[in-house]
Amino acid sequence: GLDFTIDRNTGGIVRLAMPGDGTLLETSPDSASIIDMAYPIKEFEPLRLASRFSQNARIEKTTDGVIISWDALSASRSLDLSGKVSVSVQLRTAADGKSVIMSCSINNQSEHAIPQVLFPDFMGLLPFAGEDKTLFRTATETIRPFEILKPHPETVPFYATGLFHVGNGWKEYKSGGYKIFSQKLVDWLDFGGINRGFSLFASRWEPEDPQASIMLHRSEATGKLRLLFAHTTDIAPGTVWHSDDYWLTPRRHGWAEGIEPFREWVQQNMRRPYPMPEHIKKGMGFRTVWMAKGVTSDVANDAIYRYRDLPRLARDARAHGLDEMVIWFWCPYLQLPLHTLDYLGSEQELVDAVAECKKIGVNVNLFISVLYLADPTASRYGLTPTKEMSWTYHPELIPHFQPPYATWNWSALAEQDNQQWQEAVLASCKKFIDLGLTSFVWDVFSAMPTQPNVYDLAAKIRDLARQRDPNTVFAGEGGCNIGQDYKYLDYTWNWNWNWPTYKDFRAFTSVFPAPRLNVNIDKSAKVVKYCFADNAFMNIMPSVPDGINASDFIASHSALSQALQQCVKLRRQFLPYFVSGKLIGDCILTRACDTAHISAYVMKDRALMILVKNEQKGSVKISCEPDYWLRSAGGAYRVKIYNADGVLVATKEIEKGKWQ
């Protein structure tokens, strides 16, 4: 039922609509788009070729869609161009009966290379759910694009400043490539409100095009939005380029309906060789402990905990529903081989403490940092540390991180295909695996496009560890390439998922069983409840006042402690929903709710809805029509209402499939 209106001359999309629900996109023929590309020439390097500059489109109807073609795509300036660039765009119905598949082919019959292609390119998207409730969602973030991309009259940003600067109307989501914290999870997106909109994803797995990104632009003149996929290409003269298939799925029941084709596609492609340990799959999260203030020459005075303190920390974690504990600064970082620190205790004390933690019911995971190397290790591999890669930090430094006068932890990036480095890392991990310490968290888990790389090393470490302990855990600071990371990581230890505010990555959680994405929590009881509601993997790391990260006991913070104990009880009570249910977020609602954070989980004949109030006072009004998700015969449902302690407080019978 999705309506495309295509201009007969330019071939651009001038209108996109859903019957009965109004218009999603509307623009004039001279602004309509579908394909755009960079075509730099000596006379004018910013030159572009695009459908909106053309008047020669051919539109051919097929049995399952339409083909739009241009024998020669026209340019943004009237210049003499030798040769031509021919383009064909196809829209066809997908076999799922829900989606439209978009694809394009570019035949470069000119003398110049094409370094960038924008496809698909939607110009003229409307705030059809209201500017404050029309959302743009990736797998790991949700924003209000019409609001955040508005111009700011109080200041004057440089118009050409990078896309990450709010105020010039642009925002970019990069993906792929060897880059720490690149937002690789953007091959799927959703645009719209809670009642209507569309989802869009590229059907590629471990893509050959690693530089694809999504860009948004809000026009100051029209207030409308442009949404596009940008591909860094090198289409040489005389060659042909084919895009991926893009699945566009219109929906009426929120992003969770639109994501269903993407979920099915992921399930067809995802092959994970390492089963997720049960305590990670069923668990609420983990706690992190910093054993020391950092890596300094005066290590003896910077110890926070000794190895013998680990069982006491494990009991604190276990009392708050956490059965996984990550320890930082248990060894010298940026150095090989890995070894224990005398001032924290002996190697045997660490082994005994980890074994005691396991008896308590807490798995201890060793945080290792071996991809960046400082001297003296770096020089052994022919590497030269630089200040640009300084991991020098300490609470007594001003500033705490990378002050210009401190040099002790300058580092260099290891060559991942260096066989000596590979063997040294594996030997270090094997040493501790043989001692019974089988779980590791890898700092900066990001693979270079070489062989071997960190993926090959991770597989060897995982295989060795599983021989010793089938429940071994492997985690990492990952997410650069989810098409590979998911094979090895049980969960992530990332700094940036929820900084500076809580990020909504329920879309990712609803599709990918691994890795479980972490949210770092110092003392916030509210974020604990959000994580519980969203099935996010909590990383609890409370600090002492004015102290460094992860330096205090959970029990020292009453609100945090109470929230964790409350949520772990509720998770155990409703565990099947979190482990086997389908997460649909607030898509069970028919109206957006601003006064509460709402997440729902659907099973065969029942659903669980969790409501976390944003404020302590006042009521929360919700409106639900669960028929789409549960399909009750006759529209009859029983609603059970529980309080925050899991006690049943009311039961309601509803008819006609509606509940308010």
Chemist: Can you tell me if Lys224 uses its side chain to pair, donor with acceptor, with the backbone of Glu26 under 3.5 Å?
Modeler: yes
Chemist: I'd like to check Ile259 versus Phe508 (side-chain heavy atoms, cut-off strictly below 4.5 Å). Are they in contact?
Modeler: no
Chemist: Is the backbone of Glu131 close enough, under 3.5 Å, to the side chain of Thr134 for a donor and an acceptor to pair up by distance?
Modeler: no
Chemist: Any side-chain donor paired with an acceptor under 3.5 Å for Thr142 and Arg137?
Modeler: yes
Chemist: Would you give the length of the straight line joining atom CG of Leu189 to atom CG of Leu227, rounded to the nearest 0.5 angstrom?
Modeler: 5.5 Å
Chemist: Short question: side chain of Ser439, backbone of Val473 - any donor-acceptor pair under 3.5 Å?
Modeler: yes
Chemist: With the threshold set at 4.0 Å, does a side-chain nitrogen-carboxylate oxygen contact exist between Asp594 and Lys133?
Modeler: yes
Chemist: Quick one: OG1 on Thr249 to CG on Leu2, what's the gap to the nearest 0.5 Å?
Modeler: 9.5 Å
Chemist: So, Lys569 side chain and Asp645 main chain: donor-acceptor pair closer than 3.5 Å or not?
Modeler: yes
Chemist: Between Asp132 and Arg144, is the closest basic N to carboxylate O distance under 4.0 Å?
Modeler: no
Chemist: Are the aromatic rings of Phe512 and Tyr486 close, with centres under 6.0 Å apart?
Modeler: no
Chemist: May I ask you to check whether Ser551 and Ser543 show a side-chain donor-acceptor distance below 3.5 Å?
Modeler: no
Chemist: So that I can tick it off, tell me whether Asp64 and Arg92 are bridged by a salt bridge, with the cut-off set at under 4.0 angstrom between side-chain N and carboxylate O.
Modeler: no
Chemist: Does Phe136 have its ring centroid less than 6.0 Å away from the ring centroid of Phe191?
Modeler: no
Chemist: State, without any angle test, whether Glu278 and Asn471 hold a side-chain donor-acceptor pair at a distance under 3.5 Å.
Modeler: no
Chemist: Do Glu172 and Ile214 have side-chain heavy atoms sitting under 4.5 Å apart?
Modeler: no
Chemist: Between Thr590 and Glu625, do the side chains contain a donor N or O and an acceptor N or O under 3.5 Å apart?
Modeler: no
Chemist: Which atom names give the shortest non-hydrogen contact between Pro513 and Met270, and what distance separates them?
Modeler: CD-SD, 3.7 Å
Chemist: Closer than 3.5 angstrom, by distance alone: can the side chain of Asp485 be matched with the main-chain N or O of Tyr488 as a donor-acceptor pair?
Modeler: no
Chemist: Please check: side-chain N/O of Thr138 versus main-chain N/O of Thr140, any donor-acceptor pairing under 3.5 Å?
Modeler: yes
Chemist: Taking atom NZ of Lys613 as the centre, report whether more than 12 heavy atoms of other residues, nucleotides or ligands fall under 6.0 Å from it.
Modeler: yes
Chemist: Atom CG in Leu570, atom CG in Asn643: separation rounded to 0.5 Å?
Modeler: 8.5 Å
Chemist: Got Lys487 and Pro273 here, is their nearest side-chain heavy-atom distance under 4.5 Å?
Modeler: yes
Chemist: Less than 6.0 angstrom separating the ring centers of Tyr491 and Phe537, yes or no?
Modeler: yes
Chemist: Is there a donor-acceptor contact under 3.5 Å linking the side chains of Trp255 and Ser510?
Modeler: no
Chemist: Start with the C-alpha gap between Ser203 and Asp244, add the side-chain angles, then the distance that decides, and say whether side chain to side chain donor-acceptor pair (under 3.5 Å) holds.
Modeler: CA-CA 6 Å; Ser203 57; Asp244 296 302; 6.0 Å; no
Chemist: Under 3.5 Å, is there a donor-acceptor pair between the His557 and Asp552 side chains?
Modeler: yes
Chemist: Quick check against the 3.5 Å criterion: does Thr651 have a side-chain atom that pairs as donor or acceptor with the backbone of Lys640?
Modeler: no
Chemist: Can Asp504 and Arg506 be counted as an ion pair, charged N to O under 4.0 angstrom?
Modeler: yes
Chemist: Restricting to non-hydrogen atoms, name the atom on Ala533 and the atom on Ser599 that form the minimum distance, rounded to 0.1 Å.
Modeler: O-CB, 3.2 Å
Chemist: Answer yes or no: is there a donor N or O on one side and an acceptor on the other, between the side chain of Ser103 and the main chain of Asp245, under 3.5 Å?
Modeler: no
Chemist: Checking His217 against Leu149 for the side chain to side chain contact (heavy atoms under 4.5 Å, CB included) test, could you report, in this order, the C-alpha distance in whole Å, the side-chain angles of both residues, the deciding distance, and whether it holds?
Modeler: CA-CA 7 Å; His217 177 248; Leu149 296 178; 6.0 Å; no
Chemist: Under 4.5 Å between any side-chain heavy atoms of Met18 and Leu24, yes or no?
Modeler: yes
Chemist: What do you reckon, are the aromatic ring centroids of Phe574 and Tyr642 less than 6.0 Å apart?
Modeler: yes
Chemist: So Tyr502 and His597, would you call those rings parallel, tilted or perpendicular, with 30° and 60° as cut-offs?
Modeler: perpendicular
Chemist: CE of Met538 to CE of Met541: how many Å apart, nearest 0.5 Å?
Modeler: 15.0 Å
Chemist: Could you check if a side-chain atom of Cys567 sits within less than 4.5 angstrom of a side-chain atom of Lys529, using non-hydrogen atoms only?
Modeler: yes
Chemist: When you compare the side chain of Thr93 with that of Val100, does any pair of heavy atoms fall below 4.5 Å?
Modeler: no
Chemist: If we check ring pair (Phe, Tyr, Trp, His ring centres under 6.0 Å) with Tyr601, which of these qualifies: Phe578, Phe532, Tyr577?
Modeler: Phe578
Chemist: Ring centroids only, cut at 6.0 angstrom: are Tyr246 and Phe201 within range, meaning strictly under it?
Modeler: no
Chemist: Checking Thr288 against Asn539: is there a side-chain donor and acceptor pair closer than 3.5 Å?
Modeler: yes
Chemist: Tell me whether Gln562 at atom CD has more than 12 heavy atoms from other residues, nucleotides or ligands lying less than 6.0 Å away.
Modeler: no
Chemist: Among Trp328, Trp290, Phe286, Trp442, whose ring pair (Phe, Tyr, Trp, His ring centres under 6.0 Å) with Phe367 holds?
Modeler: Trp328
Chemist: Given Asp490, which partner from the list Arg516, Arg272, Lys281 fulfils the salt bridge (Lys or Arg N to Asp or Glu O under 4.0 Å) test?
Modeler: Arg272
Chemist: When you look at CD of Glu147, are more than 12 heavy atoms from neighbouring residues, nucleotides or ligands closer to it than 6.0 Å?
Modeler: yes
Chemist: Can you name the nearest heavy-atom pair linking Ile622 to Ile598, along with the distance?
Modeler: CG2-CD1, 3.7 Å
Chemist: Ring centroids only, cut at 6.0 angstrom: are Trp188 and Trp265 within range, meaning strictly under it?
Modeler: no
Chemist: Run the ring-centre check on Phe146 versus Phe128 and record whether the distance is less than 6.0 Å.
Modeler: no
Chemist: Less than 6.0 angstrom from the centroid, inside 45 degrees of the normal: does Arg462 satisfy that with respect to the ring of Phe474?
Modeler: no
Chemist: Hey, are Asn535 and Thr509 close enough side-chain-wise for a donor-acceptor pair under 3.5 Å?
Modeler: no
Chemist: What are the two closest heavy atoms between Ala514 and Leu489, and how far apart are they?
Modeler: CB-O, 4.0 Å
Chemist: Find out whether Leu200 and Phe229 are in side-chain contact, i.e. whether some heavy atom of one side chain is under 4.5 Å from a heavy atom of the other.
Modeler: yes
Chemist: I'd like to know if the side chain of Thr472 reaches the main chain of Thr438, judged simply by a donor and an acceptor atom lying under 3.5 Å from each other, with no hydrogens or angles considered.
Modeler: yes
Chemist: Say whether Glu324 and Asn363, considering side chains only, have a donor N or O and an acceptor N or O under 3.5 Å apart.
Modeler: yes
Chemist: Mind checking whether Leu564 and Ile554 have side chains closer than 4.5 Å, heavy atoms only?
Modeler: yes
Chemist: Carefully, step by step, assess Asp605 and Arg631 under the rule salt bridge (Lys or Arg N to Asp or Glu O under 4.0 Å).
Modeler: CA-CA 8 Å; Asp605 63 348; Arg631 306 290 189 192; over 6 Å; no
Chemist: Tell me whether Lys358 is salt-bridged to Asp469, with the criterion being a basic N under 4.0 Å from an acidic carboxylate O.
Modeler: yes
Chemist: So, the side chain of Asp96 versus the backbone of Lys98: is there a donor-acceptor pair under 3.5 Å, distance only?
Modeler: yes
Chemist: Asp627 vs Lys656, test: salt bridge (Lys or Arg N to Asp or Glu O under 4.0 Å). Steps then yes/no.
Modeler: CA-CA 9 Å; Asp627 273 356; Lys656 300 180 181 179; over 6 Å; no
